[in-house]
Amino acid sequence: MPDIATRLADLDWTRIAADLDRWGAATTGPLLSAGECRALAGLYDDGDGRFRSTVVMARHGFGSGEYRYFAYPLPDVVADLRAGFYPPLAAIANTWARRLDDPRRHPERLEDWLAQCHAAGQTRPTPLLLKYGPGDYNCLHQDLYGEHVFPLQAAILLSDPATDFTGGEFVLTEQRPRMQSRAEVVSLRQGEAVIFPVNRRPVEGGRGIYRTAMRHGVSRLRSGERYTLGVILHDAG
């Protein structure tokens, strides 16, 4: 397969931007091969210091299941995905900022953005692996780790929903001002990414642009085992 940078550059970013504007989520189609997915999922039990922390969700009221944050240096595939996702998503983020009259702009390169995070004391890497078993789920939440927040992120399904698990759908909710909340359920294939807002997005309304608050989670796994790679583009304090 082409390298990660080429695969990401070849995505239909016009369609992805349009889906994000219309629905608040966009899928990429299969981005990683089955072998790459298995290799990444296999890192979860790697005990060689690859991870900086492990979170058991039930201990914190986050749901049921576990996730592990990678330590620096990131595995090559994870680093390549983060670097490749950043430039087109920064362009979308800056378009959203203009619509929301937000003066902040994101630089073109991931290195420059992370330098801003690190200067503000946000130095801990946030890409993570999530592991779910039967009955596990992830409560609706936002991945906010400090003052500097990149407004978009991606999650890549590493397991095969045809053979590895049942249930465990990716779920988004959108809280619209003075309206009822809207839910979006995203079905993913193995190796496919969903791109979605971290906390808010602009929506065109009858009286102009307004902000909606977004949260994401995973519904209850009914059987099997489900692994996901989360690609978050700001570091944590």
Side-chain angles (χ1 to χ4, degrees), residues 1-44 67-70 74-93 96 106 110 113 125-132 138 141-143 149-162 164-165 168-172 174 184-199 201 214-219 221 225-234:
M1 294 182 70
D3 62 29
I4 297 294
T6 300
R7 290 179 232 175
L8 287 166
D10 287 344
L11 293 177
D12 185 350
W13 287 103
T14 300
R15 190 270 305 166
I16 289 170
D19 285 351
L20 284 166
D21 282 342
R22 185 175 184 184
W23 304 114
T27 56
T28 62
L31 189 60
L32 300 180
S33 69
E36 288 169 328
C37 289
R38 287 192 295 269
L40 280 167
L43 296 179
Y44 194 88
Y67 54 88
R68 307 189 77 184
Y69 289 106
F70 285 104
L74 300 175
D76 289 345
V77 173
V78 179
D80 290 347
L81 286 165
R82 208 183 193 200
F85 268 122
Y86 180 84
L89 292 183
I92 295 171
W96 283 11
H106 292 87
L110 176 64
W113 164 242
T126 51
L128 70 163
L129 284 177
L130 302 101
K131 177 183 178 181
Y132 303 89
N138 196 346
H141 65 284
Q142 298 173 323
D143 292 312
V149 176
F150 192 83
L152 290 154
Q153 67 188 78
I156 303 174
L157 181 63
L158 302 179
S159 303
D160 186 349
D164 295 338
F165 67 92
E169 299 283 3
F170 181 84
V171 180
L172 283 161
E174 182 175 46
E184 182 82 8
V185 177
V186 181
S187 297
L188 295 170
R189 292 168 284 178
Q190 185 179 34
E192 184 172 29
V194 57
I195 301 167
F196 56 97
V198 172
N199 61 344
R201 74 182 185 102
M214 306 290 295
R215 298 182 185 276
H216 62 278
V218 173
S219 69
L221 205 74
E225 203 165 52
R226 180 189 192 275
Y227 288 89
T228 306
L229 172 67
V231 183
I232 299 168
L233 295 169
H234 48 273

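Numbers for residues simply follow the sequence, beginning at 1. Worth saying up front: this structure is predicted, and the values here are computed from it rather than measured. Below, all heavy atoms of this structure are taken into account, side chains as well, without hydrogens, waters or symmetry copies.
Nearest heavy-atom pair across Val231 and Arg82 is CG1-CA, 3.9 Å. The two atoms that bring Pro125 and Pro127 nearest to each other are C-CD, 3.7 Å, heavy atoms only. Counting all heavy atoms, side chain and backbone alike, Leu74 lies closest to Phe70 at CD2-CB, 3.6 Å. Nearest heavy-atom pair, Pro75 versus Leu43, reported as atom, atom and distance to 0.1 Å: CG-CD1, 4.1 Å. Of all heavy-atom pairs spanning Arg7 and Pro2, the tightest one is NE-O, 2.6 Å. Across all non-hydrogen atoms, the minimal contact from Ala34 to Gln190 is CB-OE1, 3.8 Å.
Here the CD1-CG distance, from Ile4 to Asp80, works out to 6.5 Å after rounding to the nearest 0.5 Å. A distance of 12.0 Å separates NE2 of His141 from CG of Asn199, quoted to the nearest 0.5 Å. Summarising the geometry, atom CZ belonging to Arg226 is positioned 14.5 Å from atom NZ belonging to Lys131; distances are rounded to the nearest 0.5 Å. Here the CG-CD1 distance, from Asp21 to Ile16, works out to 12.0 Å after rounding to the nearest 0.5 Å. The CZ atom of Phe170 sits 12.0 Å away from atom CD of Glu192, with the distance rounded to the nearest 0.5 Å. Atom CG of Leu129 sits about 9.0 Å away from atom OG1 of Thr228, to the nearest 0.5 Å.
Leu81 is listed as a side-chain neighbour of Leu31, based on a closest heavy-atom distance under 4.5 Å. Looking at Ile156 and Leu40, their side chains never come closer than 4.5 Å, going by heavy atoms from C-beta outward. With a 4.5 Å cut-off on side-chain heavy atoms, Trp13 and Leu89 count as touching. Within the 4.5 Å cutoff, no side-chain heavy atoms of Pro161 are placed close to those of Arg189.
Remark: Asp10 CG is packed, more than 12 non-hydrogen atoms of other residues, nucleotides or ligands lying under 6.0 Å away. Under a cut-off of 6.0 angstrom, the local environment of CZ in Arg15 is crowded, with over 12 non-hydrogen atoms contributed by other residues, nucleotides or ligands.
Residues Asn138 and Tyr132 bring a donor and an acceptor atom of their side chains to less than 3.5 Å of each other.
Judged by distance alone, the side chain of Trp113 and the main-chain N or O of Leu233 form a donor-acceptor pair under 3.5 Å. Formation of a donor-acceptor pair under 3.5 Å by the Arg201 side chain with backbone atoms of Met214 is not found in this model. Side-chain atoms of His234 come within 3.5 Å of backbone N or O of Asp143 as a donor-acceptor pair. With hydrogens and angles ignored, the 3.5 Å screen pairs no side-chain donor or acceptor of Glu184 with any backbone N or O of Leu172.
Phe150 and His106 have perpendicular rings, their planes meeting at more than 60° on a 0 to 90° scale where under 30° would count as parallel.
In summary, of the residues considered (Leu188, Leu157, Asp19), a side chain to side chain contact (heavy atoms under 4.5 Å, CB included) with Thr27 occurs for Leu188 alone.
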